[in-house]
Amino acid sequence: MFIPPIDFELFRHDENAPGETVLAFKRQLAEADAVLIATPEYNWSIPSVLKNALDWSSRVEKVMIGKPTMVIGATQGMLGTIRAQLHLREILASSGVGARLMPTGASEFLINNVQQKFDESGRFTDEPTLALLDKIVHQFVDFSQAK
């Protein structure tokens, strides 16, 4: 299931009755077998809209607890979202979110210098990166199906 970009109210810790957009987002997360989060890196972290979504997911019905989750990312910089992914993994492992994270090591997928890996028509053309992504996604499927 693909969840499109998120556009809902800012998280408030004292709010127990979020709007319909937040509730629909949480239902989609709850129904998903697993979650793959693709993120850019902004100022060594994740975008605020992603943090907001994760904060909402941690409130009342904690829909991410135990949910198999993998993180990937792409950036124009040299480090390929490593800092954003590390920060995101901390958030996902928090007691409120509690996602079941795919173990680190061979599962990290970081695309650096992403602007150099597309052709003029916008097609991703870096074959070694595509092959690695295919391998890691297959590992994630296996991980998400293991109990």
Q. Is a donor on one side and an acceptor on the other found under 3.5 Å between the side chain of K51 and the backbone of I46?
A. no
Q: Evaluate the criterion side-chain contact (heavy atoms from CB on, under 4.5 Å) for residue pair K67 and L29; output intermediate values, then yes/no.
A: CA-CA 9 Å; K67 185 80 61 179; L29 281 178; 5.6 Å; no
**Q.** Any donor-acceptor pair under 3.5 Å from D55 side chain to F11 backbone
**A.** no
(Q) Can you tell me how far apart OG (S144) and CZ (R100) are? Round to the nearest 0.5 Å. (A) 7.5 Å
Q.
So does N112 get a backbone contact from the side chain of K117, meaning a donor-acceptor N/O pair under 3.5 Å?
A. yes
Q: Calculate, to the nearest 0.5 Å, the distance between atoms CG and CD1 belonging to L50 and I37 respectively.
A: 5.5 Å
Q: Check the pair L132 / F109 against side-chain contact (heavy atoms from CB on, under 4.5 Å), numbers first and verdict last.
A: CA-CA 8 Å; L132 179 59; F109 186 75; 4.1 Å; yes
Q) Of all heavy-atom pairs between F140 and P68, which one has the smallest distance, and what is that distance? A) CZ-O, 3.8 Å
Q. Hey, is OH on Y42 packed in by over 12 heavy atoms from elsewhere, all under 6.0 Å?
A. no
Q: Could you tell me whether the side chain of S58 reaches within less than 4.5 Å of the side chain of S94, counting heavy atoms only?
A: no
Q: Going by the side-chain contact (heavy atoms from CB on, under 4.5 Å) test, name the single residue among I111, V71, V114, L110 that passes it with T81.
A: L110
Q. Side-chain heavy atoms under 4.5 angstrom apart, residues restricted to Ile, Leu, Val, Met, Phe, Trp, Tyr: same cluster for V137 and F143?
A. yes
Q: First locate atom OG1 of T129, then atom CG of D134, and finally report the distance between them rounded to the nearest 0.5 Å.
A: 12.5 Å
Q: Test side-chain contact (heavy atoms from CB on, under 4.5 Å) on L92 and L54 and set out the steps.
A: CA-CA 8 Å; L92 291 167; L54 293 170; 3.9 Å; yes
Q | Spatial distance of atom CE (M102) from atom OG1 (T69) [nearest 0.5 Å] | A | 11.5 Å
Q. Cluster question for you: counting only ILVMFWY and a side-chain heavy-atom cut-off of under 4.5 Å, with indirect links fine, are L86 and L101 together?
A. no
Q | Side chain Q76, main chain Q115, donor-acceptor under 3.5 Å | A | no
Q. How long is the span from the CD1 atom in I72 to the CG atom in L133, to the nearest 0.5 Å?
A. 5.5 Å
Q: Decide yes or no for V35 and M70: does some side-chain heavy atom of the first lie under 4.5 Å from some side-chain heavy atom of the second?
A: no
Q) Going by heavy atoms in the side chains, are V97 and I65 under 4.5 Å from each other? A) no
Q) Does Q116 offer a backbone N or O that forms a donor-acceptor pair with the side chain of N113 under 3.5 Å? A) no
Q: Indicate the atoms forming the closest heavy-atom contact of P18 with W56, along with that distance.
A: CB-CZ3, 3.3 Å
**Q.** More than 12 heavy atoms from other groups under 6.0 Å of CG on D33
**A.** no
Q.
Using only atom types and a distance under 3.5 Å, with no angle test, would you say the side chain of K26 pairs donor to acceptor with the backbone of V63?
A. no
Q.
As an exercise, state the distance from NE2 of H138 to NZ of K135, rounded to the nearest 0.5 Å.
A. 12.5 Å
**Q.** Basic-acidic side-chain contact under 4.0 Å: R27, E20
**A.** yes
Q: Classify the side-chain pair S45/N43 by whether it contains a donor and acceptor separated by less than 3.5 Å.
A: no
